[in-house]
Amino acid sequence: MPKSRIRKKADYTPPPAKQTTAIKLSNRAWVAPVMLAMFLIGLAWIVVFYVTDGSLPIDALGNWNIVVGFGFIAAGFGVSTQWK
């Protein structure tokens with residue numbers, strides 16, 4: 001019986017190295033101060049509402065002043081998503 005030919009496999013060649021691209025980071029120095037300001041404004045709004053028995057910051061809103069305070073805090077969390 002004739003001997004079969006042996007097929008030569010190609011040597012492994014690693015894929016070419018990818019060129020690294022520089023990541024452009026935008027200047028986000030404004031994020032931390034705005035975030036902290038929103039947190040503090042919201043906290044101060046709620047504290048002033050409770051300390052003044054509901055007559056301040058805006059008397060016409062009544063108990064909705066709490067929602068406004070938590071809205072500022074939520075906005076602070078929303079701004080925090082931009083922090084890198």
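Atom set for the values below is all heavy atoms of this structure, side chains included, hydrogens, waters and symmetry mates excluded.
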Side-chain donor-acceptor contacts of residues 69-79 below 3.5 Å, not counting sequence neighbours, with atom names and distances?
none

>> Check for me, please, whether Val51 and Ile66 land in the same ILVMFWY cluster - side-chain distances under 4.5 Å, paths through other members count.
In response: no
>> For residues Leu56 and Trp64: do they belong to one hydrophobic cluster (side chain heavy atoms under 4.5 Å, members Ile, Leu, Val, Met, Phe, Trp, Tyr)?
In response: no
>> Check whether Trp45 reaches the backbone of Asn65 with its side chain - one donor and one acceptor, N or O, closer than 3.5 Å.
In response: yes
> Are Phe39 and Trp30 connected in a single hydrophobic cluster, I mean Ile/Leu/Val/Met/Phe/Trp/Tyr linked by side-chain heavy atoms less than 4.5 Å apart?
Replying inline: yes
> Shared ILVMFWY cluster between Val34 and Ile41, side chains joined below 4.5 angstrom?
Replying inline: yes
>> Starting from Val48, can I reach Tyr50 by hopping between I/L/V/M/F/W/Y residues whose side chains sit under 4.5 Å apart?
In response: no
